[in-house]
Student: 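Here it is, the structure, as structure tokens.
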Amino acid sequence: MGLDKTVASAAEAVADIPEGASLAVGGFGLCGIPGTLIDALRQRGVDGLRIVSNNCGVDDWGLGLLLAAGQISRMTSSYVGENKEFARRYLSGELEVELVPQGTLAERLRAGGAGIPAFYTPAGTGTQVGEGGLPWRHAADGSVAVASPAKETREFDGRPYLLEHGITTDFALVRATIGDRHGNLVFRSSARNFNPLAAMAGRITVAEVDHLVEPGELDPDEVHLPGVFVQRVVRVTPGDPAAERRIERRTVRQEGGARHAVHP
């Protein structure tokens with residue numbers, strides 16, 4: 001592959017993702033999600049996807065679109081509370097779910113991307129995260145079909161730690177504000193979230209960017225993720241509905257000072 005990593009469209013960028021592939025997907029809630037790439041994957045219709053992401057979007061947006069279409073078979077996440085369809089599929093045995101403490105998930109992605117096979121962490125000790133027994137998959141009758149295994153524990157300075165394994169995936173999908181043709185990426189504020197970590201974990205990382213610039217235009221000190229971790233770059237088409245930045249929960253102030261949440 002040459003230094004110019006740009007591809008013409010999101011459809012082309014995800015065209016070789018096969019059924020059953022594992023994907024690390026950036027974003028936190030609906031912030032910083034690669035919506036254009038997710039929609040292109042939805043249109044392809046590939047199923048059996050095993051996805052690692054902080055959460056699974058909401059019922060009608062983000063990864064929730066793939067879930068509703070039956071394209072996801074397994075989720076590795078730290079938070080899943082905003083998606084009713086997710087709960088239904090999980091409890092009915094249609095979806096396997098591995099819940100991971102949020103900091104542990106972030107470090108597993110970073111470690112995998114850095115070539116670190118495993119590490120010890122105190123997070124989860126004394127709970128089912130370490131002792132095993134968390135329901136990964138339910139049977140149709142509601143019983144537990146697959147439970148999490150116990151994890152290796154070791155003491156350091158008299159304190160117990162769990163052995164956690166680094167995560168690598170076949171592909172990664174991320175979104176950045178600015179990218180150049182070499183794959184160097186700049187993220188905007190909180191939209192950085194899990195995006196750099198997901199990008200590091202993917203063997204083939206696809207980045208959708210709002211603004212595409214030429215090599216040399218980015219100050220090296222501004223780059224949040226170097227292009228060595230990115231294999232494909234696609235510019236988001238202005239006005240593309242799939243790239244819309246939705247607000248997950250909008251809180252407004254009414255007259256008199258009271259606040260209430262508005263769910264779009």
Side-chain angles (χ1 to χ4, degrees), residues 1 5 13-14 16-28 32-34 37-38 41 46 48-57 62-63 66 72-80 96-125 129-130 132 134 136 146 148-154 156 161-176 179 183-185 187 191-208 223-233:
M1 178 180 292
K5 301 176 181 180
V14 303
D16 59 344
I17 297 179
E19 294 186 359
S22 60
L23 294 93
V25 181
F28 187 100
I33 62 172
L37 295 171
I38 290 172
L41 201 55
V46 291
L49 299 174
R50 296 169 290 127
I51 294 182
V52 181
S53 188
N54 179 67
N55 61 288
C56 196
L63 289 173
L66 298 183
I72 300 176
S73 65
R74 192 178 198 275
M75 283 294 305
T76 300
S77 300
S78 67
Y79 177 70
V80 295
E96 186 167 301
V97 178
E98 179 185 1
L99 286 173
V100 183
Q102 192 168 86
T104 301
L105 179 62
E107 182 61 11
R108 288 181 67 186
L109 288 165
R110 190 203 68 83
I116 299 171
F119 59 92
Y120 285 98
T121 175
T125 56
V129 171
L134 283 172
W136 276 3
V146 180
S148 66
K151 295 178 179 177
E152 179 185 328
T153 303
R154 183 175 174 182
F156 294 89
Y161 289 77
L162 302 180
L163 182 69
E164 294 281 1
H165 292 263
I167 293 175
T168 56
T169 57
D170 300 323
F171 292 84
L173 308 180
V174 300
R175 180 167 184 168
N184 299 301
L185 302 180
F187 303 94
R192 190 188 311 189
N193 53 61
F194 276 80
N195 276 298
L197 305 172
M200 291 174 66
R203 297 183 184 91
I204 298 176
T205 293
V206 187
E208 63 176 67
V223 173
H224 295 138
L225 185 78
V228 67
F229 291 110
V230 179
Q231 283 69 49
R232 300 171 191 168
V233 179

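Computed from a prediction, not measured in an experiment: that's the story for all the values here.
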Student: Which pair of non-hydrogen atoms, one from I38 and one from G62, has the smallest distance, and what is that distance?
Tutor: CG2-O, 3.5 Å
Student: Can you tell me how far CE of M75 sits from CD of E98, rounded to the nearest 0.5 angstrom?
Tutor: 11.0 Å
Student: Between L23 and L41, is any pair of side-chain heavy atoms under 4.5 Å apart?
Tutor: yes
Student: Mind running side-chain contact (heavy atoms from CB on, under 4.5 Å) on L162 and T153 for me, showing each step along the way?
Tutor: CA-CA 5 Å; L162 302 180; T153 303; 3.6 Å; yes
Student: Taking the side chain as every heavy atom from C-beta outward, state whether F229 and T205 have any pair of such atoms under 4.5 Å apart.
Tutor: no
Student: How long is the gap from CD1 on I204 to CD1 on I17, to the nearest 0.5 Å?
Tutor: 8.5 Å
Student: Does a donor on one side chain sit under 3.5 Å from an acceptor on the other, for D170 and S22?
Tutor: yes
Student: Let me confirm one number: the CD-CD1 distance from E208 to I33, rounded to the nearest 0.5 Å.
Tutor: 8.5 Å
Student: Could you tell me which non-hydrogen atom of A199 sits nearest to which non-hydrogen atom of A172, and how far apart they are?
Tutor: CA-CB, 4.2 Å
Student: Do you know which two heavy atoms are closest between T168 and R203, and how far apart they sit?
Tutor: OG1-NH2, 3.2 Å
Student: Kindly compute the distance separating CE (M200) from CG (L109), expressed to the nearest 0.5 Å.
Tutor: 9.5 Å
Student: Examine distances only and state if a side-chain atom of S77 and a backbone atom of Y79 form a donor-acceptor pair shorter than 3.5 Å.
Tutor: no
Student: Counting C-beta onward and ignoring hydrogens, is there a side-chain heavy-atom pair between S53 and F194 closer than 4.5 Å?
Tutor: no
Student: Locate the shortest heavy-atom distance separating G26 from A198; write the atom from each residue and the value.
Tutor: N-CB, 3.9 Å
Student: Considering only heavy atoms from C-beta outward, does the side chain of E164 approach that of E107 to under 4.5 Å?
Tutor: no
Student: Counting C-beta onward and ignoring hydrogens, is there a side-chain heavy-atom pair between R175 and F187 closer than 4.5 Å?
Tutor: no
Student: So which heavy atom on L105 is nearest to which on V100, and how close?
Tutor: N-CG1, 3.6 Å
Student: Measure the spacing between CG of L173 and CD1 of I51 and express it to the nearest 0.5 Å.
Tutor: 8.0 Å
Student: Check whether any side-chain heavy atom of F28 lies under 4.5 Å from a side-chain heavy atom of S78, and answer yes or no.
Tutor: no
Student: How long is the span from the CD atom in Q231 to the CZ atom in F171, to the nearest 0.5 Å?
Tutor: 10.0 Å
Student: Can you check whether R108 reaches T121 side chain to side chain, under 4.5 Å on heavy atoms?
Tutor: no
Student: Is there a donor-acceptor contact under 3.5 Å from the side chain of K5 to the main chain of G227?
Tutor: yes
Student: Are L225 and N195 packed together at the side-chain level, in the sense that at least one heavy-atom pair is separated by less than 4.5 angstrom?
Tutor: no
Student: With no hydrogens and no angle check, is any side-chain donor or acceptor of R50 less than 3.5 Å from a backbone partner on S73?
Tutor: no
Student: Identify the heavy atoms of I72 and L63 that sit nearest to each other, and give their distance.
Tutor: CD1-O, 3.8 Å
